[in-house]
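Let me begin by presenting the structure, written as structure tokens, before commenting on it.
Below, read A as the first sequence line, B as the second, and so on, with proteins coming before strands; counting in each chain starts at 1.
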Amino acid sequence: MTAPDRSMGSPSLTPAEAIALQKELAGRVELRPLPARFHVLAAADLSYLPSRELIAVVVTFSWPDLQLLEKVHVRRPVEFPYVPGLLSFREAPALTAAFHQLELRPDVFLCDGQGLAHPRRFGLACHVGLLLDIPTVGCAKKRLCGTHDPVGIEKGSRSLLSLDGDPVGYVYRSRTGVKPIYVSPGHKADLESSLALVERCVRRYRIPEPLRVAHNTATLLRRNPEFP
DNA sequence: GCGACAG
DNA sequence: ATCTTGTCGC
């Protein structure tokens, strides 16, 4: 009999344990409309260094005018492998740590990854939302699972993303002619309000503005860890 | 057995 | 995600 290898990065959980935990936590996720009115929206993204470290960035924007309010980040070693379906165990800890560096308390958190559109209905956005007990929305650049009808080529076109018969998100064409993005609710959010929020965050590019800023910031910090 | 597979 | 140059097109 071989004991699970928890050395080299000492993951706190084995993949099998993580999957069991997801099945349990998925039952605590709440599906409901996002708050009708709120003032602060947070968005986050991460970048990875050759040193096996990662940088998690969280930015906040005023809502609904979308003016940048704050930027914070944390740098730490990567302690969980990338396994499709288990992304949150790799990124959520750093994201919540960065979140706690904020001075303002966000009302909604936009995450770079899936929410409900996950094999066990527990994507990154759900995990982060549960850990922080805040409404979250998942917005991914690629599909993880689920099927959908073709999406119109025009900006604003959408198709329901379904998994095992039930709706888990939307495939949304944020700009004419570009690849669509995948929007799904995290915690304390639902399909319609999640897509509505993302729509309002899209400006000139395919990626919603808050996520673009978080992504660009994470990239710059990776190339130049000196400057904020 | 053969693909698919968030970041 | 990250390693990497130029290239095609609006």
Side-chain angles (χ1 to χ4, degrees), chain A residues 9 11 15 18-19 21-22 25-26 29 43-59 73-98 109-131 136-148 153-155 161-164 168-172 174-187 189 194-195 198 204-208 210-225:
Chain A
I19 289 176
L21 186 52
Q22 291 183 318
L25 297 179
V29 175
D45 192 28
L46 306 83
S47 61
Y48 291 81
L49 309 177
S51 55
R52 297 175 58 69
E53 294 179 291
L54 59 76
I55 295 177
V57 173
V58 175
V59 298
H73 75 270
V74 298
R75 174 176 170 166
R76 54 168 56 188
V78 173
E79 28 63 80
F80 199 88
Y82 169 67
V83 179
L86 300 182
L87 176 67
S88 65
F89 291 91
R90 181 179 171 87
E91 306 192 334
L95 291 179
T96 57
F109 196 170
L110 184 56
C111 301
D112 181 39
Q114 315 290 345
L116 239 195
H118 177 280
R120 290 167 291 284
R121 311 298 198 280
F122 198 68
L124 175 65
C126 299
H127 201 153
V128 170
L130 225 47
L131 291 176
T136 54
V137 173
C139 182
K141 296 177 292 300
K142 295 178 182 176
R143 183 190 68 85
L144 171 60
C145 60
T147 59
H148 63 86
I153 199 65
E154 295 296 316
K155 166 183 172 62
L161 181 61
S162 303
L163 187 58
D164 303 317
V168 292
Y170 275 110
V171 183
Y172 179 68
S174 55
R175 298 288 293 173
T176 297
V178 306
K179 297 196 309 178
I181 56 180
Y182 302 76
V183 181
S184 61
H187 186 43
S194 290
L195 181 59
V198 168
R204 189 181 178 202
Y205 303 91
R206 177 171 85 114
I207 305 303
L211 283 180
R212 285 190 72 241
V213 172
H215 183 277
N216 292 335
T217 301
T219 298
L220 290 177
L221 283 170
R222 169 167 56 74
R223 297 177 180 169
N224 197 330

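- One interatomic measurement links the two molecules: CD1 of A:Ile207 to P of B:dG7, which rounds to 9 Å at whole-angstrom precision.
- Among residue pairs with one or both ends in residues 119-130 of chain A, those qualifying as side chain to side chain donor-acceptor pair (under 3.5 Å) are A:Gln22-A:Arg120, A:Ser88-A:His127, A:Arg121-A:Asp166; sequence neighbours excluded.
- For A:Lys141, a side-chain nitrogen or oxygen approaches OP1 or OP2 of B:dG7 to under 4.0 Å.
- Counting heavy atoms from C-beta outward, A:Leu144 and A:Pro119 have side chains that approach closer than 4.5 Å.
- The shortest distance between side-chain heavy atoms of A:Pro15 and A:Leu86 falls below 4.5 Å.
- Side chain to side chain, A:Arg90 and A:Tyr48 meet the donor-acceptor criterion of an N or O pair below 3.5 Å.
- Separating the CD atom of A:Gln114 from the C1' atom of B:dC5 is a distance of 11 Å, rounded to the nearest angstrom.
- Note on A:Lys141 versus A:Asp112: salt bridge recorded, some NZ/NE/NH1/NH2 to OD/OE distance being below 4.0 Å.
- A:Gly85 comes within contact range of at least one nucleobase, with a heavy-atom separation under 4.0 Å.
- Using a 4.0 Å cut-off, some side-chain N or O of A:Arg143 falls inside it from OP1 or OP2 of B:dC5.
- Using a 4.5 Å heavy-atom cutoff, the side chains of A:Val57 and A:Leu221 are in contact.
- With a 4.5 Å cut-off on side-chain heavy atoms, A:Val83 and A:Phe89 do not count as touching.
- Phosphate contact (OP1/OP2 of C:dC3, side-chain N/O of A:Arg222, threshold under 4.0 Å): present.
- Applying the 5.5 angstrom centroid cut-off and the 30 degree plane-angle cut-off, the aromatic ring of A:Tyr82 is not stacked upon the base of C:dA1.
- Annotation: the span from A:Leu220 atom CG to A:Ile55 atom CD1 amounts to 10.0 Å, rounded to 0.5 Å.
- A:Ile55 has its CD1 atom 19 Å from the P atom of B:dG7, to the nearest Å.
- Within the nucleic acid shown, A:Leu95 has no heavy atom closer than 4.0 Å to any nucleic acid atom.
- The A:Asp112 side chain lies nearest to B:dG7 when the options are B:dG7, C:dT2, B:dC5.
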Under the 3.5 Å Watson-Crick or G-U criterion, the dot-bracket string of DNA chain B, with | for inter-strand pairs: .......

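- Taking the ring centre of A:Tyr205 as origin, the terminal cationic atom of A:Arg175 falls outside the region bounded by 6.0 Å and 45° from the ring axis.
- Between A:Asp45 atom CG and B:dA6 atom P the separation is 15 Å, expressed in whole Å.
- In this structure, CG of A:Leu86 is placed 12 Å from P of B:dA6, rounded to the nearest angstrom.
- The CZ-P distance, from A:Arg90 to C:dT2, rounds to 11 Å in whole Å.
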Reading 5' to 3' through nucleotides 4-10 of chain C, protein heavy-atom contacts under 4.0 Å coded B for base, S for sugar-phosphate only, - for none: -------

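- Looking at heavy atoms from C-beta onward, A:Glu91 lies in side-chain contact with A:Leu124 at the 4.5 angstrom threshold.
- Here the P atom of nucleotide B:dG3 and the NZ atom of A:Lys142 are 19 Å apart, to the nearest Å.
- Atom CG in A:Leu163 sits roughly 14 Å away from atom P in B:dA6 (whole-Å rounding).
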